[in-house]
Amino acid sequence: VSFSGKYSKIPDFILFKRLRNMYDRRNFISAGAAAGVASAFTAPVGGLLFVLEEISSFWTHKLAWQIFFCCGVASFTTQAFTSLYRTGSLGSFSRAAFNIDQAINSQLTMFLPTVG
């Protein structure tokens, strides 16, 4: 069953029209990848630098600021949902997304033989 003839008359949204050219599509994919890295590691600058080094082939200052803002929003949203899950309220941003405090004490003794 083909739906292409039936739904071909539906108007496109403005966002979808903008993503029809390769330049805007490439920038949108770069922002999405940066937001994913920033959200996973709660590091907006890390997401920006990852995309700058590994993904984007063309780079402008305007795109850098847009992606940095996108990474900040993604990191803030991740922290908000993490605090909502852990404490039941949206106001507790004191913890990181991945709690590694207990692992540091046990891993510190592993590096002592290499010091000095």
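FYI, side chains are in, hydrogens and waters are out, and symmetry mates aren't considered; it's all heavy atoms of this structure.
From F41, atom CZ reaches atom CZ of F50 across 9.0 Å, with rounding to the nearest 0.5 Å. Considering NE2 of H61 and CZ of F68, their distance stands at 15.0 Å, rounded to 0.5 Å. Taking CD1 from I29 and CG from D24, the interatomic distance works out to 11.0 Å, rounded to the nearest 0.5 Å. The line from CD1 of I67 to OG1 of T60 is 8.5 Å long, rounded to the nearest 0.5 Å.
Taking each heavy atom of A35 and A74 in turn, the nearest pair found is O-CB, 3.6 Å. The shortest non-hydrogen separation linking A34 to L48 is CB-N, 4.4 Å. The minimum heavy-atom distance linking G72 with P44 is given by the pair N-CB, 3.9 Å.
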| message | Pair S56, S30 - check side chain to side chain donor-acceptor pair (under 3.5 Å), show working. | response | CA-CA 6 Å; S56 292; S30 296; 3.0 Å; yes

| request: Kindly determine whether F58 and N27 satisfy side chain to side chain contact (heavy atoms under 4.5 Å, CB included), including the steps that lead there. | output: CA-CA 9 Å; F58 300 101; N27 292 345; over 6 Å; no

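Proximity of a side-chain donor or acceptor of T82 to a complementary backbone N or O of T78 within less than 3.5 Å is detected.
V37 and V73 fall into different hydrophobic clusters, where Ile, Leu, Val, Met, Phe, Trp and Tyr residues are linked whenever their side-chain heavy atoms come under 4.5 Å apart, directly or through other members. F69 and L63 fall into different hydrophobic clusters, where Ile, Leu, Val, Met, Phe, Trp and Tyr are joined by side-chain heavy atoms under 4.5 Å apart, directly or via other members. Cluster annotation: V51 and L49 are assigned to the same hydrophobic cluster (Ile/Leu/Val/Met/Phe/Trp/Tyr, side-chain heavy-atom contacts under 4.5 Å, transitive).
Annotation for W59: atom CH2 counts as buried by contact number, over 12 foreign heavy atoms lying within 6.0 Å.
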